[in-house]
**Q** 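Can you keep this structure in mind? I'll have questions shortly.
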Protein chains: 2
Amino acid sequence: MSLAEDRAKDHAKPSTLYKTIRQDIERRILTGEWPPGHRIPFEHEIMEHYGCSRMTVNKALSELAQADLIERRRRAGTFVRRPQFLSAVLKIPDIRAEIGALGRAYGYELISSARRTANAADRERLGVKTPCKVIAIRCRHSADNVPFAVEDRLIDLDAVPDAAKANFKIDPPGSWLLHHVPWTEAEHAISAIVADEAIAASLDIETGAPCLVIERHTWRQGRPLTAVRLVYPGEQHRLVARFRGSE
Amino acid sequence: MSLAEDRAKDHAKPSTLYKTIRQDIERRILTGEWPPGHRIPFEHEIMEHYGCSRMTVNKALSELAQADLIERRRRAGTFVRRPQFLSAVLKIPDIRAEIGALGRAYGYELISSARRTANAADRERLGVKTPCKVIAIRCRHSADNVPFAVEDRLIDLDAVPDAAKANFKIDPPGSWLLHHVPWTEAEHAISAIVADEAIAASLDIETGAPCLVIERHTWRQGRPLTAVRLVYPGEQHRLVARFRGSE
DNA sequence: GCTGAGTTTATGTATAGACATATCGCCCGT
DNA sequence: ACGGGCGATATGTCTATACATAAACTCAGC
């Protein structure tokens, strides 16, 4: 396809050359014109096609490579990647912010809070080997006075000493941590359970009703910071993840 | 901090200069040395610090900006971004590949397949306004002969005409689509339900047992391609999402 | 036919310089 | 006080060039 034809297709043509190049290539990939495994033109050819320098082409291709749309191999060339799996960016915001964004009144209630030297179960759950001090918290979030989720959390006090000074009677621990403690790795596990009597009472639902469970572990530089288990009423709450191919 | 000190810290120092710069800055952000809102040095200063050209610094900063770790504003400078929300890349692989990766025997069974002009419910579910033809499929996936998930899918035949030629008696529709149809947007919703009698029978679990439900919609350039609802036994199956700050 | 060394080639990184562009602040005139 | 204009400045894009590096290919020698 010629440069003229590319220009003619102009849907929202970006103002800069490298963005134009990136978008042209992206479109060919997404429409299937260049299927997975297809070798896309060499930087040298693209550069002549657009009449620009190689650095400009390289910038466009580097960004596409960073977005995992293409794979670059020295000497061999550049290839369209097979969409390896359906992946989605799952946003799990701070619950207080999430409820606020929905325009509903946020409510928070601390059920229990205890500071102790970590017992075996605590260490197992946090994934720490050495003895440490922890804070164990149970609390409940609500939206417009309707129970929204119950939270059961452990915080490693040795890794997050500032947590000793936080007032979890007022601030939800998730919000406090999010704003005060930088983290580098997080892992979420999502599963489904049925409410036992305790959960049913806390969430004001029937015993046996389905619940969504999110367990989250957070680390900083490999060191465990906190482990949290959130239980949501399952049929009312949905986790939504939207994904756009790139940009 | 001096260049010498940076070098001294060498944890897995990358081989190239721009990666070194990027990693040094990333470390300062992740350890909290440069908190959110902090203005990081100008390109000019960083360039003198490392004794390199501005383009090299620019490449490092551009990548950090693309990863949303920093925000760049002309004339004002470059700033550390507030970690806006906990987000995680949730990988939802092809079920056949997922079971295979676990080293278990994959089994697939087509329960029903029908081709029809979309009725109101179909159009509502797919999110299309105009009449179209669809394929409606129900099938079951199993691992080592244990039911793994039941799938209920609609495919827009007008958007994916090739689907008419696919043999869904043999190929699971998810795998076929993943390998044949490029998509640009996807949305997942995750929720929990309890098994009714039909689901319990299909998954070989008790009525009333918890189930995880994933509903996925896929589009290409804004046009709906397929809508699928997957039901998993909830206490056995977990969705895991791991997230590293960047890279 | 096979192995290993050398050649070729496409990408990867880096440079110095140039001009574009957005915008923050300052100054000036009303 | 207030607003408009303007210059300073940091980032954004682009060029032409250079050398590094990894991998695919070639071919001689066994």
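Lettering of chains follows the sequences in order, A, B, ..., and the numbering in each one begins at 1. Since the model is a prediction, treat every value here as computed from it, not as a measurement.
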**Q** To the nearest Å, how far apart are B:Glu71 CD and D:dG12 P?
**A** 11 Å

**Q** Please give, in whole Å, the distance from D:dG12 C1' to B:Gln66 CD?
**A**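 The answer, rounded to whole Å, is 14 Å.
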
**Q** Side chain of B:Phe42 only, please: which of D:dA24, C:dA10, D:dT11 is the nearest?
**A** D:dT11

**Q** Taking A:Ala105's backbone N and O only, do any of them form a donor-acceptor pair with A:Asp144's side chain (distance below 3.5 Å, no angle check)?
**A** yes

**Q** Please report the closest heavy-atom contact between B:Leu230 and B:Glu151, naming both atoms and the distance.
**A**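 Answer, listing the atom of B:Leu230 first, then B:Glu151: CD2-CB, 3.6 Å.
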
**Q** For the side chain of B:Arg72 and the base of D:dT11, is some donor closer than 3.5 Å to an acceptor across the two?
**A**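 In this structure, the two groups form no donor-acceptor pair.
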
**Q** Tell me the interatomic distance from B:Glu63, atom CD, to D:dG12, atom C1', rounded to whole angstroms.
**A** 16 Å

**Q** Does OP1 or OP2 of D:dT13 have a side-chain N or O of A:Lys19 closer than 4.0 Å?
**A** yes

**Q** Whole-Å distance between C:dA10 C1' and A:Met47 CE?
**A**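 Between C1' of C:dA10 and CE of A:Met47: 13 Å.
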
**Q** Closer than 3.5 angstrom, by distance alone: can the side chain of A:Ser142 be matched with the main-chain N or O of A:Phe148 as a donor-acceptor pair?
**A** no

**Q** Would you mind reading off the distance between B:Arg54 atom CZ and D:dT9 atom C1', rounded to a whole angstrom?
**A**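 These atoms are roughly 11 Å apart.
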
**Q** How do A:Arg73 and A:Tyr18 order along DNA chain D: which one's closest nucleotide is nearer the 5' end?
**A** A:Tyr18

**Q** Between P on C:dT21 and CG on A:Leu17, what's the gap in Å once rounded to a whole number?
**A** 13 Å

**Q** So for B:Arg74 and C:dT23, does any side-chain atom that can act as donor or acceptor lie under 3.5 Å from a complementary atom in the base?
**A** no

**Q** May I ask you to verify if any side-chain N or O of B:Lys59 is less than 4.0 angstrom from the OP1 or OP2 atom of C:dT13?
**A**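 So the side chain of B:Lys59 is within the cut-off, an N or O lying under 4.0 Å from OP1 or OP2 of C:dT13.
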
**Q** Between P on C:dT15 and CD on B:Glu43, what's the gap in Å once rounded to a whole number?
**A**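 These atoms are roughly 13 Å apart.
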
**Q** Between C:dT11, D:dT13, C:dA14, which one does the side chain of B:Thr16 approach most closely?
**A** C:dA14

**Q** Any donor-acceptor pair under 3.5 Å linking the side chain of B:Tyr108 with the backbone of B:Phe168?
**A** yes

**Q** Please report the closest heavy-atom contact between A:Arg153 and A:Gly174, naming both atoms and the distance.
**A** NH2-CA, 3.4 Å

**Q** At under 4.0 Å, does any side-chain N or O of B:Ser62 touch on OP1 or OP2 of D:dG12?
**A** no

**Q** Counting just side-chain N and O atoms, does A:Thr78 come under 4.0 Å of either OP1 or OP2 of C:dT11?
**A**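 It does, given that an N or O in the side chain of A:Thr78 lies less than 4.0 Å from OP1 or OP2 of C:dT11.
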
**Q** Is a donor-acceptor pair below 3.5 Å formed from side chain B:Arg75 to base C:dG25, judging by atom type as modelled?
**A**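 A donor-acceptor contact between them is absent.
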
**Q** Quick check: on DNA chain D, is the nucleotide nearest B:Pro41 upstream (toward 5') of the one nearest A:Cys52, or the reverse? Name the residue that is more 5'.
**A** B:Pro41

**Q** Given that B:Ser53 and A:Leu61 both sit by DNA chain C, which one's nearest nucleotide is further toward the 5' end?
**A** A:Leu61

**Q** In whole Å, I'd like the distance from the CG atom of B:Asn58 to the C1' atom of D:dT13.
**A** 9 Å

